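Here the structure is laid out as structure tokens; the discussion comes afterwards.
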Amino acid sequence: MVTKSQLSRLGLFDAKVPRYTSYPTAPHFSNDVGPDLFGDWIAQIAPGSAVSLYIHVPFCRRLCWFCACRTQGTQTDGPVAAYLETLKSELALLKDRLPEGVTLSRLHWGGGTPTLLNPAMMTELAETIFDVVPMGDNAEFSVEIDPNEIDGARLDALAAAGMNRASIGVQDFDDEIQKTIGRVQSYDVTRDAVDMIRARGIASLNADILYGLPHQTRARMTESVQKLLSLNPDRVALYGYAHVPWMAKRQQLIPSDALPTPEQRLDLFDTARRLFLWDNYAEIGIDHFATQDDGLTQALRTGKLKRNFQGYTDDQADVLIGVGASSISRFPQGYAQNAPATSVHTKAIREGRFSTSRGHRFKGQDILRSRLIEALMCDFRIDSAEILENHAVSRAELEAMYARADQAFDGLLQITGDGLFIPQEARPLTRMIARIFDAYDLSKAGHSSAI
């Protein structure tokens, strides 16, 4: 049994570690990757293969104080319409370079608030995308939906375009907490949005909920999770709120003295986790839960669970292309990120070039260490046979890595001839254990609390 005092001594409540949605993580990107290299990587995609596409819409009607995403507020459709034209031009550049026969494995619209687009804009964007790269067999088209910014007409447009998975942000249903984080969204509004989504035949539903918010208690967490469970989501992401007011200025509006302590954050997470497990959800990685027949659960059972910038995924595509300001792409060769500022991104596209401003070319042991970290984050285990078969590393070197991890965590890990395994009681430490396999300087900014 691992106690809180032992977790504390191992640094769980003090450590700042990456979420490892990529390796190396974004703070280690450099300007070595630019538009030309990005274009070359697109051209090198295998003809007839499946890729994933992420579309970023960086606009919101209101800016929630808790959010650290790159977004900007707008009360009119003018900036959104202009940005849509930029997206269409960017997609045209992509079409010019994509090899023949490429299809979509996954399409995701994120933000910001993609549902800020009016129905005509949604239809126009979808038609432009599918002209560039059509949906493949069993493809998934998901959209982040703000229950405060959706109506029947927009859902009709999304359903007609082929959306078959919706994602809603909940954060917390408590009135006081919602007011404190600048996100007022009642249960009734959320339930009505879910009902409208399902009335249009969109059966798959994701939901996000946060722990570690100001004024959260076990009782309030329990009530919010139970309300969420009444909506029967297929997948739930239980994210820890990262309070980084030095990076996200709007978070300065949130009173830091109302935030739970790290020890209380662990209790809040465990409270929510138990409720999801009691409702027969499968535990997916460090912070996701899914119904027993969901694709994430199937991927976990078959050893195909992956991790990307949206969290956990069952997507097997080797390429993820990000479209829009600040979007990040992943290729077998490395990562490429578009210019974060909308104005800079738009200028580049208008000049007929991609806005790629930074990224990372894989080198050395990047791919090996990326797989080791992904295996820990997804499966809580490293299979030595898989690693030795697919990567240029000796058993001795691999076992030396295991030994360093075991030594750093008081022998809590299970190490055998088959590999390394993190037992249930040590899983709060997973991101810290993954850090042992990270060869980059961890003093870089951008990392969050380990719990």
Side-chain angles (χ1 to χ4, degrees), residues 19-45 49-59 68-72 83-84 86-98 102-114 117 125-126 128-130 132-133 139-144 167 306-313 315 317-349 353-362 370 446:
R19 295 185 185 274
Y20 287 118
T21 53
S22 70
Y23 181 83
T25 56
H28 297 289
F29 292 178
S30 71
N31 58 9
D32 290 344
V33 177
D36 291 342
L37 185 59
F38 176 67
D40 290 344
W41 286 350
I42 292 172
Q44 291 168 29
I45 295 172
S49 63
V51 303
S52 294
L53 196 66
Y54 172 77
I55 307 291
H56 187 64
V57 180
F59 296 98
C69 298
R70 287 199 67 95
T71 59
Q72 56 198 82
Y83 184 74
L84 175 59
T86 299
L87 290 178
K88 290 164 59 181
S89 297
E90 185 176 1
L91 287 163
L93 291 175
L94 179 61
K95 183 178 182 179
D96 288 342
R97 289 161 177 78
L98 270 178
V102 174
T103 59
L104 281 175
S105 169
R106 297 289 187 275
L107 170 62
H108 183 76
W109 295 5
T113 308
L117 277 65
L125 177 57
T128 303
I129 292 169
F130 298 140
V132 174
V133 54
E140 191 173 276
F141 175 10
S142 58
V143 178
E144 294 176 13
S167 181
K306 301 293 184 181
R307 190 157 172 82
N308 65 15
F309 297 106
Q310 280 76 57
Y312 290 99
T313 181
D315 182 24
D318 290 331
V319 174
L320 167 66
I321 301 173
V323 175
S326 80
S327 292
I328 302 177
S329 301
R330 187 194 190 282
F331 298 88
Q333 301 94 330
Y335 297 103
Q337 183 172 21
N338 291 345
T342 304
S343 59
V344 177
H345 173 74
T346 298
K347 182 176 183 294
I349 299 302
R353 56 186 172 83
F354 293 112
S355 79
T356 314
S357 62
R358 63 185 196 134
H360 179 85
R361 292 195 227 199
F362 291 140
S370 176

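Since this is a predicted model, take the numbers as computed values, not measurements.
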Residues Val102, Ile45; criterion side-chain contact (heavy atoms from CB on, under 4.5 Å); working and verdict: CA-CA 8 Å; Val102 174; Ile45 295 172; 4.2 Å; yes
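- Nearest approach of Glu144 to Gly112, heavy atoms of both residues: OE1-O, 4.3 Å.
- Between Phe130 and Phe141, the two ring planes are perpendicular [angle over 60°; tilted spans 30° to 60°].
- Heavy atoms only, all atoms of each residue included: Leu53 and Val133 are closest at CD2-CG1, 4.3 Å.
- Nearest heavy-atom pair across Pro24 and Phe29 is O-CE2, 3.7 Å.
- His108 and Glu140 are not linked by any side-chain donor-acceptor pair at a separation below 3.5 angstrom, with hydrogens and angles left out of the test.
- Using a 4.5 Å heavy-atom cutoff, the side chains of Thr113 and Val57 are not in contact.
- Heavy atoms of other residues, nucleotides or ligands lying less than 6.0 angstrom from CZ of Arg353 number more than 12.
- His360 places none of its side-chain heavy atoms less than 4.5 Å from the side chain of Asp32.
- At least one donor-acceptor pair closer than 3.5 Å links the side chain of Glu90 to the backbone N or O of Gly324.
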Stepwise side-chain contact (heavy atoms from CB on, under 4.5 Å) check, Asn338 with His56: CA-CA 11 Å; Asn338 291 345; His56 187 64; over 6 Å; no
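- Proximity of Leu91 to Leu125: side-chain heavy atoms (C-beta onward) are separated by under 4.5 Å at one or more points.
- Taking the six-membered ring where tryptophan is involved, the planes of Phe331 and Phe38 are perpendicular, since the angle between them exceeds 60° and thus also 30°.
- With 3.5 Å as the limit, one finds no donor-acceptor pair spanning the side chains of Gln333 and Asp40.
- Listed for the Arg358 side chain is a donor-acceptor partner under 3.5 Å among the backbone atoms of Ala26.
- Note that the OG1 atom of Thr21 and the OH atom of Tyr312 stand 10.5 Å from one another [nearest 0.5 Å].
- Nearest heavy-atom pair, Asp315 versus Ala317, reported as atom, atom and distance to 0.1 Å: OD1-N, 3.2 Å.
- No donor-acceptor distance shorter than 3.5 angstrom exists from the side chain of Tyr20 to the backbone of Ser370, with no hydrogens or angles considered.
- Taking all atoms of both residues into account, the shortest heavy-atom contact from Thr356 to Gly34 is CB-C, 3.6 Å.
- Under the 3.5 Å distance criterion, the side-chain polar atoms of Ser329 are matched with a main-chain donor or acceptor of Gly322.
- Between Tyr54 and Phe309, the distance separating the two ring centers is not shorter than 6.0 angstrom.
- Here the closest non-hydrogen pair linking Pro340 and Ser357 is CD-OG, 3.9 Å.
- Counted by atom type alone, His345 and Ser355 present one or more donor-acceptor pairs between their side chains at under 3.5 Å.
- No donor-acceptor distance shorter than 3.5 angstrom exists from the side chain of Tyr335 to the backbone of Val33, with no hydrogens or angles considered.
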Intermediate values then yes/no, side-chain contact (heavy atoms from CB on, under 4.5 Å), Val51 and Leu98: CA-CA 11 Å; Val51 303; Leu98 270 178; 5.5 Å; no
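- For the pair Gln72/Thr342, a side-chain contact is recorded, criterion being any heavy-atom separation below 4.5 Å from C-beta on.
- Among Ile321, Val132, Ile129, the one residue that satisfies the side-chain contact (heavy atoms from CB on, under 4.5 Å) test with Leu104 is Ile129.
- Of the options Ser49, Ser105, Ser52, Pro332, a side-chain contact (heavy atoms from CB on, under 4.5 Å) to Val319 is made by Pro332 and by none of the others.
- Note that OH of Tyr23 is 7.5 Å distant from NE2 of His28, once rounded to the nearest 0.5 Å.
- A 4.5 Å side-chain heavy-atom check between Arg330 and Ser22 finds every atom pair outside the cut-off.
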